[in-house]
Each structure stands twice: as C-alpha cells, then as structure tokens.
Trainee: 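Here it is, the structure, as structure tokens.
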Amino acid sequence: DEHRMREKELKDDKRSLKIELKELELAHEDFVRNLKESHDKQITHLRGEFEQNARELQLKYDKKMKGLRDELESRRKLEIHEVEERKNFHINELMKKHEKA
C-alpha cells in the first residue's frame with residue numbers, strides 16, 4: 001500500500017514537472033518571439049534613419065554640386081568675355097595701324 005502511494009506521488013511529481021517544463025518552454029518561446037520583434041523594430045527604425053540620412057546627404061551634395069557647376073559656368077563666361085574683349089581690342093588696334101599705313 002505504501003509502495004502504491006509512493007508510486008502515485010512520483011507520478012504526480014512527474015506530471016507536475018512535465019507541466020512546469022512545458023510552461024517554461026512556452027515562456028521561453030514567448031521571450032524569444034518578443035526579443036525578435038523588438039530586434040526587428042530596432043532594425044526597421046535604424047534602416048529608416050539610415051535612409052533618411054542618405055537622402056539628406058544626397059540632397060546636400062547635389063545642391064553643392066549645382067553651386068559649383070554654376071560658379072564654374074560663370075567663370076567660364078567671364079573668361080570668354082575677357083578673351084573676346086582682348087580680341088576686339090587687338091582687332092581695333094590692327095585696323096588703326098592699317099588705316100595709318
């Protein structure tokens with residue numbers, strides 16, 4: 001009789017340990033799932049920040065590049081104008097010398 005009671009206690013203990021193990025496994029799965037969700041949210045947030053920074057940098061350097069191109073175009077036009085003025089001055093000088101001769 002005592003042996004049967006001991007066997008019943010051991011079966012009950014085994015059953016309760018299995019239940020406890022199952023609860024721990026479920027809790028662990030929930031923890032891992034929550035951790036993965038949190039990680040995914042962080043990655044999504046960081047990706048968004050990175051993409052925003054990349055767009056801002058692209059706009060900044062596009063604007064800078066346009067400014068440099070505009071400045072170079074202005075310099076080119078100014079140099080062309082100066083060359084044309086020297087050429088016209090030289091032509092006028094040659095015409096004056098030709099009229100004197």
Trainee: Can you find a heavy atom in the side chain of I43 that is under 4.5 Å from one in the side chain of R47?
Mentor: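 Touching, per the 4.5 Å side-chain cut-off.
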
Trainee: Using atom types as modelled, flag every donor-acceptor pair under 3.5 Å from a side chain in residues 18-34 to any protein atom, sequence neighbours excluded.
Mentor:
from : atom 1 : to  : atom 2 : distance (Å)
D30  : OD1    : R33 : NH2    : 2.2
N34  : ND2    : D30 : O      : 3.3

Trainee: Could you tell me whether the side chain of R6 reaches within less than 4.5 Å of the side chain of L10, counting heavy atoms only?
Mentor: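 Yes, side chains in contact.
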
Trainee: Hey, could you give me the CD/CZ distance between E9 and R4, rounded to the nearest 0.5 Å?
Mentor: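 If we round to the nearest 0.5 Å, E9:CD and R4:CZ are 15.0 Å apart.
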
Trainee: Quick one: salt bridge (Lys or Arg N to Asp or Glu O under 4.0 Å) partners of R69, sequence neighbours excluded?
Mentor: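 So R69 forms no salt bridge (Lys or Arg N to Asp or Glu O under 4.0 Å) with any residue.
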
Trainee: So how far is it from E79 CD to L72 CG, rounded to the nearest 0.5 Å?
Mentor: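 One finds 9.5 Å between CD of E79 and CG of L72.
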
Trainee: Answer yes when E71 and R75 have at least one side-chain N-carboxylate O distance shorter than 4.0 Å, and no when they do not.
Mentor: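 Yes, E71 and R75 are salt-bridged.
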
Trainee: When rounded to the nearest 0.5 angstrom, what is the spacing between CE in M65 and CG in D70?
Mentor: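 Reported to 0.5 Å precision, the distance equals 12.0 Å.
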
Trainee: Test salt bridge (charged side-chain N to carboxylate O under 4.0 Å, His left out) on K36 and D40; report intermediate values, then the result.
Mentor: CA-CA 6 Å; K36 283 182 180 180; D40 288 344; over 6 Å; no

Trainee: To the nearest 0.5 Å, what is the distance between CE (M95) and NZ (K100)?
Mentor: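 One finds 13.5 Å between CE of M95 and NZ of K100.
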
Trainee: Hey, what do you get for CG (L94) to CZ (F89), rounding to the nearest 0.5 Å?
Mentor: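 Those atoms lie 10.0 Å apart.
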
Trainee: Decide side-chain hydrogen bond (donor to acceptor under 3.5 Å, both in side chains) for Q58 and R55; before the verdict, give the C-alpha distance in whole Å, the side-chain angles of both, and the deciding distance to 0.1 Å.
Mentor: CA-CA 5 Å; Q58 184 69 44; R55 282 190 297 273; over 6 Å; no

Trainee: Assess whether a salt bridge exists between K66 and D62, defined as any Lys/Arg side-chain N lying under 4.0 Å from an Asp/Glu carboxylate O.
Mentor: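 No salt bridge links K66 with D62.
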
Trainee: Between I91 and K87, is there a side-chain heavy-atom distance shorter than 4.5 Å?
Mentor: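 Yes - at least one pair of side-chain heavy atoms lies under 4.5 Å apart.
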
Trainee: Rounded at 0.5 Å granularity, tell me how far CZ in R86 sits from CD in E93.
Mentor: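 Separation between the atoms: 14.5 Å.
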
